[in-house]
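To start, the structure itself, in structure tokens.
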Protein chains: 2
Amino acid sequence: MSLRHAVLGLLTEGPASGYDLLKVFEVSLANVWPATQSQLYGELGRLADAGLIEVVAEGPRGRKEYGLTDAGLTELRRWLIEVEPESFRRTDMLLRVFFLGVVRPEEARAYLQEQGTVAARAREDLEEIRSAAEKGDLGNTPLAVYGRIALEWGLRFTVMQREWAEWAARQIDQIEEQNSVGASRQDLP
Amino acid sequence: MSLRHAVLGLLTEGPASGYDLLKVFEVSLANVWPATQSQLYGELGRLADAGLIEVVAEGPRGRKEYGLTDAGLTELRRWLIEVEPESFRRTDMLLRVFFLGVVRPEEARAYLQEQGTVAARAREDLEEIRSAAEKGDLGNTPLAVYGRIALEWGLRFTVMQREWAEWAARQIDQIEEQNSVGASRQDLP
DNA sequence: ATCCACATGTAATCTGTTACATGATTAA
DNA sequence: TTAATCATGTAACAGATTACATGTGGAT
């Protein structure tokens, strides 16, 4: 139930409408906690019912700007400090690795190499975001400091993933070589 | 919809009952694709309806052993080779980082350090699994090779996460120092 | 005048979690 | 005989995705 807390967190920057928040989810938070429009409007309603946010201004086209209440900020702090993050990682990409034995070794190697290039591309995208952020020079505002720390995680993760994929592809080659040597041996009397 | 494919993948090792598979999900696949009992039995029913698996034997207590059909194996291969893995990572842990500015710097640093020790513990658990697997010496069976590759991902990931968390905690200290120097300067006439 | 961006909401469906419910077999 | 393990299933609920539905305001 962390969408709640993502919304509360974004509202610490100041009041915003569902529409505003949606754009933030699409860019800044897209890699960490994606959310759809449906989900967001629903959650805003529930947060308001719970008294964690409130409508602080209304604008054209039914626009409602929500602001954080004291209760909302308290809840956000509680979540940050007291609630243990869940460490589940359901990863599609790794699940496949377990079953790579059912396809031919060339196909398995191709899969791993592809994951390496995907990671490399992701890394490049993050590098661009970093460059853009450095030029903009947001200084030492909290969001800049912690945004930079989150970005660093992404940079390190993509490097790790690329290196791992390349290592894994090489492992398959080695196993293949051993198997052909082994097969030759067994062919001899 | 990858639970489907996890089940198909496990059945490549030979027929198994829902109960058998459940134990595998609890140990071997727990870190990659956890599944609950409810979910599993439901999925087995749907897979059988779809003709991707079939009951190959019945045992005591209503035990039903399912085996992979040709259609099931074909579907598994298709998924492995043709379907792009989803790269979404909804991570609780990183989402919090964005909002660490709303708690005191000591609290933020404590959070990051905690994430570092969590990663270190996870790393130790994986090391133990590795040792156990090496002693058991499964050789070059497909599952051993690819299981080892997946394990390596976990080992590298936990190292990366620990190093990142320690780096991040140091960053906060540095910012804190800069801020106090800045504050002192401004206090002077 | 017309189009695009703004702006909010609901319904259907899927996946997953927790809890409930039931009963058979086997080993001590 | 009794407790643990084996074994399957359903129901209620929460969270997320996709699609549908509607309408306003401002710029050209």
Side-chain angles (χ1 to χ4, degrees), chain A residues 1-8 10 15-27 29-50 53-66 79 83-92 95, chain B residues 1-8 10 15-27 29-50 53-66 79 83-92 95:
Chain A
M1 225 211 342
S2 289
L3 175 62
R4 260 191 124 73
H5 301 105
V7 171
L8 293 174
L10 292 177
S17 68
Y19 194 83
D20 295 336
L21 293 173
L22 192 58
K23 282 182 291 182
V24 178
F25 271 99
E26 278 166 3
V27 288
L29 245 48
N31 295 310
V32 171
W33 206 271
T36 60
Q37 181 252 31
S38 289
Q39 221 188 331
L40 184 51
Y41 283 107
E43 195 61 47
L44 286 169
R46 268 170 265 133
L47 280 165
D49 288 347
I53 63 175
E54 63 189 355
V55 176
V56 293
E58 305 205 15
R61 282 164 295 214
R63 176 187 173 90
K64 283 184 273 185
E65 280 193 340
Y66 292 94
W79 174 74
V83 183
E84 290 279 299
E86 292 177 42
S87 59
F88 293 157
R89 31 161 183 275
R90 270 207 180 80
T91 51
D92 219 356
L95 178 61
Chain B
M1 224 205 351
S2 289
L3 175 62
R4 259 190 124 74
H5 300 105
V7 172
L8 293 175
L10 291 177
S17 69
Y19 194 84
D20 294 337
L21 292 173
L22 193 59
K23 282 182 291 183
V24 178
F25 272 99
E26 277 165 4
V27 289
L29 244 47
N31 294 311
V32 170
W33 207 272
T36 61
Q37 180 254 29
S38 290
Q39 220 188 332
L40 185 50
Y41 283 108
E43 195 62 46
L44 286 170
R46 267 170 266 133
L47 280 165
D49 289 346
I53 63 176
E54 63 189 355
V55 176
V56 294
E58 305 206 16
R61 284 163 296 216
R63 176 187 173 91
K64 283 183 274 185
E65 281 194 341
Y66 291 94
W79 173 74
V83 183
E84 289 279 298
E86 291 177 42
S87 58
F88 292 157
R89 30 162 183 275
R90 269 208 180 79
T91 50
D92 220 356
L95 179 62

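Note that the structure is predicted; figures quoted are calculated from it, not measured. In the text below, chain A, chain B and the rest are named by the order of the sequence lines, each starting its count at 1.
The separation between A:E86 atom CD and C:dT17 atom C1' is 11 Å, rounded to whole Å. Taking atom CZ on B:F25 and atom P on C:dT15, their separation rounds to 14 Å, with Å as the unit. Computed from coordinates, the A:L22 CG to C:dT8 P distance equals 9 Å when rounded to whole Å. Straight-line distance from the CD atom of B:E58 to the P atom of C:dT25: 13 Å, rounded to whole Å. In this entry the distance linking CG of B:L40 with C1' of C:dG16 reads 13 Å, nearest Å. A:Y66 has its OH atom 13 Å from the P atom of C:dA7, to the nearest Å. Rounded to a whole Å, the CG atom of B:L44 is 16 Å from the C1' atom of C:dT15.
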Worksheet item: Please walk me through it: do B:F25 and B:V7 pass side chain to side chain contact (heavy atoms under 4.5 Å, CB included)?
Response: CA-CA 9 Å; B:F25 272 99; B:V7 172; 4.3 Å; yes
Item to complete: Please report the C-alpha distance between B:E26 and B:K23 in whole Å, then the side-chain angles of each, then the deciding distance to 0.1 Å, and finally whether the salt bridge (Lys or Arg N to Asp or Glu O under 4.0 Å) criterion is met.
Response: CA-CA 5 Å; B:E26 277 165 4; B:K23 282 182 291 183; over 6 Å; no
Practice prompt. Please report the C-alpha distance between B:I53 and B:E43 in whole Å, then the side-chain angles of each, then the deciding distance to 0.1 Å, and finally whether the side chain to side chain contact (heavy atoms under 4.5 Å, CB included) criterion is met.
Written response: CA-CA 11 Å; B:I53 63 176; B:E43 195 62 46; over 6 Å; no
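In terms of modelled atom types and a separation under 3.5 Å, the side chain of A:S17 and the main chain of A:D20 share a donor-acceptor contact. Under the 3.5 Å distance criterion, the side-chain polar atoms of A:R90 are matched with a main-chain donor or acceptor of B:P34.
Taken from CG in B:L44 to CD in B:Q39, the straight-line distance is 11.0 Å, to the nearest 0.5 Å.
A close approach under 4.0 Å does not occur between any side-chain nitrogen or oxygen of B:K23 and OP1 or OP2 of D:dT5. For D:dC6, the OP1/OP2 oxygens have a side-chain nitrogen or oxygen of B:Y19 closer than 4.0 Å. For D:dG9, the OP1/OP2 oxygens have no side-chain nitrogen or oxygen of B:Y41 closer than 4.0 Å.
Summarising the geometry of B:P15 relative to B:V56, their closest heavy-atom pair is CB-CG2, 3.7 Å, with the distance given to 0.1 Å. The two residues A:Y19 and A:Y41 come nearest to each other via the heavy atoms N-OH, 3.4 Å.
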Under 3.5 Å, N/O pairs linking protein and nucleotides 25-28 of chain D:
| residue | atom | partner | partner atom | Å |
| --- | --- | --- | --- | --- |
| D:dG25 | O4' | A:R61 | NH1 | 3.3 |

Below 3.5 Å is the cut-off: list the nitrogen or oxygen pairs between protein and nucleotides 12-18 of chain D, distance only.
| residue | atom | partner | partner atom | Å |
| --- | --- | --- | --- | --- |
| D:dA16 | OP2 | A:Q39 | NE2 | 2.4 |
| D:dA16 | O5' | A:Q39 | NE2 | 3.0 |
| D:dA16 | O3' | B:R90 | NH2 | 3.4 |
| D:dT17 | OP1 | B:R90 | NH2 | 3.2 |
| D:dT17 | OP2 | A:Q39 | OE1 | 3.3 |
| D:dT17 | OP2 | B:R90 | NH2 | 3.3 |
| D:dT18 | O4 | A:S38 | OG | 2.5 |

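B:W79 has its side chain within reach of A:L95: a pair of non-hydrogen atoms, C-beta onward, lies under 4.5 Å apart.
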